[in-house]
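Here the structure is laid out as structure tokens; the discussion comes afterwards.
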Amino acid sequence: MRTLTGRDAAIVLLERLEQVYPEAECALNYRNPWQLLVATMLSAQCTDVRVNLVTPSLFERFPSPEAMADADLVEVEALIRSTGFFRNKAKNLISCAAILSTEHDGEVPADLEQLVALPGVGRKTANVVLGNAFGIPGMVVDTHVKRLAGRFGWTRAEDPVKIEKDLQQLLPEERWTRTGHTLIAHGRALCKAPTPVCSACPIADGCPRRGVTCSK
DNA sequence: ATCCCGAGGG
DNA sequence: CCCTCTGGAT
């Protein structure tokens with residue numbers, strides 16, 4: 001048996017984590033790309049459970065970008081209020097919808113650069129939409145993925161875009177979407193900032209940072 | 001108090 | 001690089 005390369009070791013670790021978190025997936029409720037885009041924009045600093053509480057009435061009232069484009073700001077604010085950052089989110093949703101209806105034929109583009117160009121849509125949101133609504137590999141780098149990738153020695157970068165590139169090079173693209181979900185699940189459950197619960201971690205024996213308390 | 005699968009602006 | 005935006009859950 002040959003020595004594991006860094007890439008193979010990473011995949012071994014990932015597959016172990018996938019067994020620990022087999023249900024790790026997008027917990028937002030949506031029926032189409034538009035709904036997932038909206039839900040993901042709302043999910044910033046908010047639990048998915050809470051997002052799922054407000055989206056049914058929001059989607060009923062504004063089933064398409066065209067409908068949302070003409071929405072009253074105050075009404076949208078009221079509907080999404082409990083998700084936090086509601087003024088920014090409402091403003092972004094409406095201008096986003098306006099751009100989709102005027103410049104994208106009312107469709108959510110299945111393209112990273114076009115998604116990121118929308119107001120309130122960053123790379124994290126764009127990759128969630130690509131990976132989950134379009135089945136296009138999307139390497140989500142949020143706070144958990146950033147922290148875990150660093151701890152696992154998968155990247156030395158601090159910049160999320162560089163981390164995204166490093167992970168894309170390390171992992172085959174068919175793993176990108178699920179890897180985001182798996183790392184986020186593990187980051188929330190055990191591999192926390194600043195003190196990971198290594199004593200309870202099922203992959204501690206394969207982790208270069210096991211037992212090391214760190215601030216990132 | 002601290003955290004929740006961020007993004008934009010200065 | 002920093003700051004701000006925000007309510008709800010634990």
Side-chain angles (χ1 to χ4, degrees), chain A residues 14 17-18 20-30 33 35-55 57-58 73-74 76-100 112-134 137-152 154 157-164 167 175-197 213 215-216:
Chain A
L14 258 184
L17 277 180
E18 287 171 0
V20 180
Y21 307 100
E23 307 297 314
E25 58 181 2
C26 184
L28 297 168
N29 296 147
Y30 64 97
Q35 292 188 354
L36 180 59
L37 177 63
V38 172
T40 308
M41 290 172 74
L42 292 179
S43 73
Q45 294 300 300
C46 176
T47 61
D48 289 354
V49 171
R50 178 134 306 270
V51 172
N52 290 334
L53 249 33
V54 311
T55 45
S57 49
L58 188 67
L73 180 60
V74 175
V76 176
E77 286 181 351
L79 285 169
I80 67 170
R81 188 172 192 289
S82 68
T83 66
F85 296 165
F86 65 91
R87 280 182 268 267
N88 282 339
K89 288 175 179 176
K91 196 194 323 161
N92 285 333
L93 283 178
I94 293 173
S95 42
C96 192
I99 292 171
L100 289 180
L112 182 66
E113 298 311 317
Q114 294 184 60
L115 283 167
V116 168
L118 299 168
V121 180
R123 295 186 81 87
K124 185 260 172 179
T125 299
N127 277 312
V128 167
V129 171
L130 285 181
N132 297 281
F134 292 116
M139 191 58 250
V140 169
V141 177
D142 75 331
T143 172
H144 296 293
V145 174
K146 177 178 177 181
R147 186 176 69 251
L148 270 62
R151 286 177 178 174
F152 292 166
W154 293 353
E158 292 290 326
D159 171 31
V161 179
K162 288 182 189 159
I163 296 173
E164 189 182 319
L167 295 184
R175 285 192 179 276
W176 294 353
T177 301
R178 184 168 180 189
T179 295
H181 291 138
T182 303
L183 294 187
I184 288 162
H186 187 51
R188 287 206 277 204
L190 294 174
C191 198
K192 304 180 196 179
T195 49
V197 190
T213 300
S215 56
K216 60 177 190 176

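Order of the sequence lines sets the chain letters (A, B, ...), proteins ahead of strands, with each chain counted from 1.
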Can you tell me how far [atom2] of [N] sits from [atom1] of [X], to the nearest Å?
X        : N     : atom1 : atom2 : result
A:Lys146 : B:dA7 : NZ    : C1'   : 14 Å
A:Ile80  : C:dG7 : CD1   : P     : 12 Å
A:Lys89  : C:dG8 : NZ    : P     : 12 Å
A:Leu112 : B:dA7 : CG    : P     : 11 Å
A:Phe85  : C:dT6 : CZ    : C1'   : 5 Å
A:Glu77  : C:dG7 : CD    : C1'   : 14 Å
A:Leu42  : C:dG7 : CG    : P     : 15 Å
A:Arg123 : B:dG6 : CZ    : P     : 16 Å

> Does some side-chain heavy atom of A:Leu37 sit less than 4.5 Å from a side-chain heavy atom of A:Leu100?
Replying inline: yes

> Are A:Ser43 and A:Val128 side-chain neighbours, meaning at least one heavy-atom pair lies under 4.5 Å?
Replying inline: no

>> If you assign A:Asp142 and A:Pro119 each to the DNA chain B nucleotide with the nearest heavy atom, which residue ends up on the more 5' nucleotide?
In response: A:Asp142

>> Taking the nucleotide of DNA chain B with the nearest heavy atom to each, does A:Gln45 or A:Val116 sit closer to the 5' end?
In response: A:Gln45

I'd like to know if the side chain of [X] and the backbone of [Y] have a donor-acceptor N/O pair within less than 3.5 Å.
X        : Y        : result
A:Arg151 : A:Cys191 : yes
A:Tyr21  : A:Ala189 : no
A:Asn127 : A:Trp176 : no

Ignoring backbone atoms, establish whether [X] has a side-chain N or O less than 4.0 Å from OP1 or OP2 of [N].
X        : N     : result
A:Arg87  : C:dC5 : no
A:Arg50  : C:dG7 : no
A:Thr125 : B:dA7 : yes

>> Work out how far the P atom of B:dG10 is from that of C:dT6, and round it to whole angstrom.
In response: 15 Å

>> At 4.0 Å (heavy atoms only), tell me whether A:Val121 reaches a base, stays on the sugar-phosphate, or touches nothing.
In response: sugar-phosphate

